[in-house]
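The next block holds one structure in the form of structure tokens; read it before the comments.
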Amino acid sequence: MASKRKSEGKSEDDKVSAKKPAPFWKTGLLSSMHDPDLQVYKDGKVIIIKDKYPKAKFHFLVMPKDNIPNLKSLKKENIELLKHMHEKGKETAEKSDPDLQFRLGYHAVPSMSHLHLHVISQDFDSPCLKNKKHWNSFTTEYFVDSEDIIKELEKNGKVIKDVSHSQELLKKNLRCHVCRKEMTTIPALKTHIKQHSYKKS
DNA sequence: GTTGTGATCC
DNA sequence: GGATCACAAT
């Protein structure tokens with residue numbers, strides 16, 4: 001099991017085989033977090049912005065000012081920061097709509113660089129929610145509750161996620177996050193979930 | 001925070 | 001035609 005590099009006689013490609021620059025769009029969050037028009041909160045440790053493509057009536061991203069790439073790079077010393085992110089995210093949610101249900105959590109495999117905590121209302125009523133991946137990334141175990149991340153960090157000193165399994169979650173059949181009813185298409189699902197209430201009890 | 005687009009399936 | 005899938009992109 002030596003090198004995994006594929007060398008099928010195409011010598012020109014070997015020149016870039018070692019490089020793996022992130023796609024240009026992956027860094028979009030970094031510029032957006034400094035966009036005054038998107039910011040809804042800022043303090044010494046974190047910045048909260050409105051998601052550019054909100055997947056629900058309210059959808060925010062809480063990001064640490066320090067560049068923490070992902071969940072895997074979290075250490076015990078970051079526990080306080082994560083709790084702070086959760087607290088400020090929760091405050092932003094209540095400020096937006098005190099009666100609406102929210103979830104705070106992380107994607108198992110985020111598309112964008114820079115650690116970001118999703119704060120999203122559970123109505124999922126948004127024209128930006130268009131496909132299966134969108135739905136499953138917020139309604140399956142692909143969405144990991146912030147509190148569970150903090151617990152795992154406190155217990156193990158690190159956060160381990162099974163990436164391979166996470167990709168399968170995104171392909172699961174569409175299912176209502178409230179009553180678990182299975183729907184065949186996105187439009188049918190969107191019609192169905194409007195019948196539920198997302199107010200706090 | 002991938003979205004957008006064109007091909008393909010139903 | 002509508003919805004999903006597969007792939008490119010500054």
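Residue numbering restarts at 1 for every chain, and letters A, B, ... go by the order of the sequence lines.
- With sequence neighbours left out, A/S113 forms a side-chain contact (heavy atoms from CB on, under 4.5 Å) with A/K26.
- For A/E182, the salt bridge (charged side-chain N to carboxylate O under 4.0 Å, His left out) partners two or more places apart in sequence, or in a different chain, are A/R175.
- Legend: residues meeting side-chain contact (heavy atoms from CB on, under 4.5 Å) with A/E94, ordered by chain and number and at least two apart, are A/K90, A/K200.
- The main-chain N or O of A/V109 is found under 3.5 Å from a side-chain atom of A/Y142 such that the two form a donor-acceptor pair.
- Residues satisfying the side-chain contact (heavy atoms from CB on, under 4.5 Å) criterion with A/H34, sequence neighbours excluded, are A/I47.
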Sub-3.5 Å pairs of nitrogen or oxygen atoms, protein against nucleotides 4-8 of chain C:
{"unit_1": "C/dT4", "atom_1": "OP1", "unit_2": "A/I186", "atom_2": "N", "d": "2.8"}

Dump every N/O contact between nucleotides 7-10 of chain B and the protein below 3.5 Å, one line per pair.
none

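- Annotation: the span from A/K199 atom NZ to A/D123 atom CG amounts to 9.5 Å, rounded to 0.5 Å.
- Put simply, A/H134 has no side-chain N or O that comes within less than 4.0 Å of OP1 or OP2 on B/dT2.
- Sorted by first then second residue, the salt bridge (charged side-chain N to carboxylate O under 4.0 Å, His left out) pairs that include residues 149-163 of chain A, not counting sequence neighbours, are A/K83-A/E154.
- Atom CG of A/L129 sits about 6.5 Å away from atom CD1 of A/I193, to the nearest 0.5 Å.
- The environment of A/K57 atom NZ is sparse: at most 12 non-hydrogen atoms of other residues, nucleotides or ligands sit within 6.0 angstrom.
- Per the geometry, NE2 belonging to A/H116 stands 10 Å off C1' belonging to B/dT2, to the nearest Å.
- Interface residues of residues 22-36 of chain A facing DNA chain B, ordered by number: A/W25, A/G28, A/L29, A/S32; criterion, heavy-atom separation under 4.0 Å.
- Within a heavy-atom distance below 4.0 Å of DNA chain B, no residue of residues 165-173 of chain A is found.
- Listed pair A/K190 / C/dA3 fails the phosphate criterion, with no side-chain N or O lying under 4.0 Å from OP1 or OP2.
- Atoms OG and CG, on A/S166 and A/L170 in that order, are 7.5 Å from each other to the nearest 0.5 Å.
- Atom OH of residue A/Y41 and atom CD1 of residue A/I49 lie 15.5 Å apart, to the nearest 0.5 angstrom.
- Non-hydrogen atoms lying under 4.0 Å from DNA chain B are contributed by A/F138, all within residues 136-149 of chain A.
- For residues 143-171 of chain A, the pairs satisfying ring pair (Phe, Tyr, Trp, His ring centres under 6.0 Å) are A/F138-A/F143, with sequence neighbours left out.
- Checked against a 6.0 Å centroid threshold, the rings of A/F124 and A/H196 do not count as neighbours.
- Other residues, nucleotides and ligands contribute only 12 or fewer heavy atoms inside 6.0 Å of the NZ atom of A/K181.
- By the ring-ring contact (aromatic ring centres under 6.0 Å, His included) test, A/H86 is found to be paired with no residue, residues two or more places apart in sequence or in another chain being considered.
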